[in-house]
Protein chains: 2
Amino acid sequence: MSTPAPPGRVTIKDVAAAAGVSKGAVSLAFNNKPGVSEATRERIFAAARRLGWAPNSAARSLSRQSVDTVGLALCRPARLLGLEPFYMEFISGIESVLAEHDCSLLLRLVGSLDEEITLQERWWRERQVDGSILVDFHQDDPRIGPLRRLGLPAVGVGHPSLTGGFPSVWTDDATAVAEAVRYLAALGHRRIARVGGPADLGHSGIRAQAFERTMDELGLGGGRHVETAFSGEEGARATRMLLLGADRPTAIVYDNDIMAVAGLGVASEMGVSVPDDLSLLAWDDSQLCRLTHPTLSAMSHDVHGFGAEVARVLFDVLAGQEVSSRPVATPSLMPRGSTAPPRP
Amino acid sequence: MSTPAPPGRVTIKDVAAAAGVSKGAVSLAFNNKPGVSEATRERIFAAARRLGWAPNSAARSLSRQSVDTVGLALCRPARLLGLEPFYMEFISGIESVLAEHDCSLLLRLVGSLDEEITLQERWWRERQVDGSILVDFHQDDPRIGPLRRLGLPAVGVGHPSLTGGFPSVWTDDATAVAEAVRYLAALGHRRIARVGGPADLGHSGIRAQAFERTMDELGLGGGRHVETAFSGEEGARATRMLLLGADRPTAIVYDNDIMAVAGLGVASEMGVSVPDDLSLLAWDDSQLCRLTHPTLSAMSHDVHGFGAEVARVLFDVLAGQEVSSRPVATPSLMPRGSTAPPRP
DNA sequence: GCCTGGGCCTAGACCGGTTCACTCGCGGGC
DNA sequence: GCCCGCGAGTGAACCGGTCTAGGCCCAGGC
């Protein structure tokens, strides 16, 4: 055929010329708006295809005043993130919904919440994002004030009591912790410990409280927790500490999968048999829980769906709807090989 | 003070007016270009700070003809990705370099290489990215033709023989595999097996060849491999198969960490003692390898640095330099608790 | 026959930056 | 005294789309 692609970049003007119409018509055709006849529309598409044209996103963003991009900053060292199956799964859930809207995810790893504040301010001021997803809320999270003042459209991942006015999506961790503890108690465990995240991290705090409350209700005393930073190494250290201490627990609940795996390693290293001498319960239930021996019982939830729901709420926010916070399904127990009645 | 931020969005014009200069001067000041005096520059910065202004990125992209964003599409199911510590670490390495250039990473999970081709074409045609990072090359990778024709600036992660003309960054897997096999042979192992990725995946193919060649050289016969899709489950299945088959191997080399962990679980489940009855060698050496009992010996490399180097090469490409492919450090053996001489 | 209305399409303003050609004022050299 | 050059700063074109106001034409109603 003829008309090889022009040497420089091809713009809407070239397409318009090739189809014998004005720029406006091309724009209408490509945005599926009325105002061009079917025949013309076809001609325009043909010309665009022939020239290999697609609308320049910067130009479109400029006049549309929206960039079809949302931001997500993760504030944990990469070494930990890579190990947490949670996030990739969560991200993929987010993306599955974004893709339906031709929207992109801007991902950034940051070192601290202050760094995230700076980043989000830049993203918003420079209009690099239409809105953001905020995760890992802390008690009195420092991001809330600055970002709310900024007017950044955002959705928070975490209990509404933590997200300070940002619409939120959360799992009911308190109920899930209660279920976990009651299950272990029902098996006959009386000395139950918990290896959690840092207490100032919102959901860790909630889980910690729920743990103590449930233990109290069952008349098992406060129960011990150890705080860690979610890393496998610290999970191992915490487990070692618990197993070496007086009043060794017969069951341990972990705040994520990786620490539970590490705990299993420690038990094996110390010659403590799982589940005979020690029951272990993981959290999140990634595939990792099925790879160990024994397999890990876990509090299981649909992380992909969680991410998807978060994205949906963000779109509601962006559409200007007044959205209310909403919970997604509560994690539920998936018993496997690492939990059993304690040895008499 | 006075001058509260204007109700609508604030633009360069507002800042110019507030500082009593022209738009051009503001632009010069903000881009650290000569043409404005120190005093004026200060006044402009003060005004911008007061109004909370930052240059609109869409507008800047439009006139600069660059978007300061690079693309990365990952083509593996999220369920696997989340488990592979490799990618998050790799991404964080990429970002560490991008951040220095005020550049963002556009990340997308795709389902197939064809989907990736479509995506990259869109990204490039719409100028959503200045360039891309291509990973997971296959033999005769279908992305090469279309994307090279497109003129997409990109860097390939993988041996130059795979990346079809895209400048590449790679680790010398062949040498690393040879080291792994020689090490096991030196311990006294004669029946060594390998659990690898799909053979049509470039680096798996290279490792497979190197494995066979090295086994041959050592007079140990071809050696057995099993192909998997990198998932823990398949790693477990492959291990089970090897251990149940005739001529059970005394050592197994895995293509990533997660399969090695799964292999360890299977050994434990089958009552095969590691390392006494079976040696296991992982690949990548994420933190995971230190969490199991016994700890996993692994071929170790600096994944973060790998990602950083890839980003650096991409910037060279974007700067229009004629760059040549380059290797990063070869993975090297990190012996731990999962390898030992075979029981006599 | 005239007016109305709707379908199709165009011209041009506009989004908010960057950049280039140009002006202005001033100091220095001869 | 005149010219040159340079630093500072301006105005307008430009990037490539979207979108609004309006023009033209034809069918239909009274």
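To find a chain, count down the sequence lines: A is the first, B the second, and so on, and within it residues start at 1.
In this structure, K33(B) does not reach the dT18(C) phosphate: none of its side-chain N or O atoms is under 4.0 Å from OP1 or OP2. Look at T11(A) and you won't find any side-chain N or O under 4.0 angstrom from OP1 or OP2 of dG16(D). For dG17(D), the OP1/OP2 oxygens have no side-chain nitrogen or oxygen of S63(A) closer than 4.0 Å. Side-chain N/O atoms of W53(B) include one lying less than 4.0 angstrom from OP1 or OP2 on dG17(C).
Within 4.0 Å of V21(A), counting heavy atoms only, lie sugar-phosphate atoms of the nucleic acid but no base atom. Using a 4.0 Å heavy-atom criterion, one finds that S37(B) contacts the sugar-phosphate atoms exclusively. T40(A) comes within 4.0 angstrom of the backbone, heavy atoms only, and of no base.
Counting to the nearest Å, the C1' atom of dA12(D) and the NZ atom of K13(B) are 13 Å from each other. Nucleotide dG16(C) holds its P atom 17 Å from the CZ atom of R64(B), rounded to whole Å. In this entry the distance linking CZ of R60(A) with C1' of dG16(D) reads 11 Å, nearest Å. In this structure, the CG atom of L28(B) is 20 Å from the P atom of dG16(C), given to the nearest Å. Rounded to whole angstrom, the span from the CD1 atom of I44(A) across to the C1' atom of dC8(C) amounts to 11 Å. Here dC8(C) presents its P atom at 9 Å from CZ of R41(A), a figure rounded to the nearest Å. When the P atom of dG17(D) is taken as reference, atom CZ of R9(A) falls 10 Å away, rounded to whole Å. The interatomic distance linking I12(B) (CD1) with dC14(C) (P) rounds to 18 Å, in whole Å.
Distances were taken from every side-chain heavy atom of P55(B) (C-beta onward) to each of dC15(D), dG17(C), dT18(D); the shortest belongs to dG17(C). Comparing atom distances between the N56(A) side chain and each of dT10(C), dG17(D), dG17(C) picks out dG17(D) as nearest. Listed candidates were dC15(D), dT18(C), dC15(C). Nearest to the side chain of L62(A) is dC15(C).
Of the two residues near DNA chain D, A58(A) and K23(B), the one whose nearest nucleotide lies more 5' is K23(B). Between Q65(B) and G24(B), the residue anchored nearer the 5' end of DNA chain D, judged by the nucleotide with its closest heavy atom, is G24(B).
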Between V155(B) and V169(B), does a side chain to side chain contact (heavy atoms under 4.5 Å, CB included) hold up when you go through it step by step?
CA-CA 8 Å; V155(B) 38; V169(B) 180; 4.1 Å; yes
Does N56(B) form a side chain to side chain contact (heavy atoms under 4.5 Å, CB included) with T11(B)? I'd like the steps, not just the answer.
CA-CA 8 Å; N56(B) 179 301; T11(B) 76; over 6 Å; no
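Other residues, nucleotides and ligands place no more than 12 heavy atoms under 6.0 Å from the CG atom of D140(B).
Between the side chains of N31(B) and R60(B), no donor N or O sits under 3.5 Å from an acceptor N or O.
A cation-pi geometry, defined here as NZ or CZ lying under 6.0 Å from the six-membered ring centre and within 45° of its normal, holds between R127(A) and W124(A).
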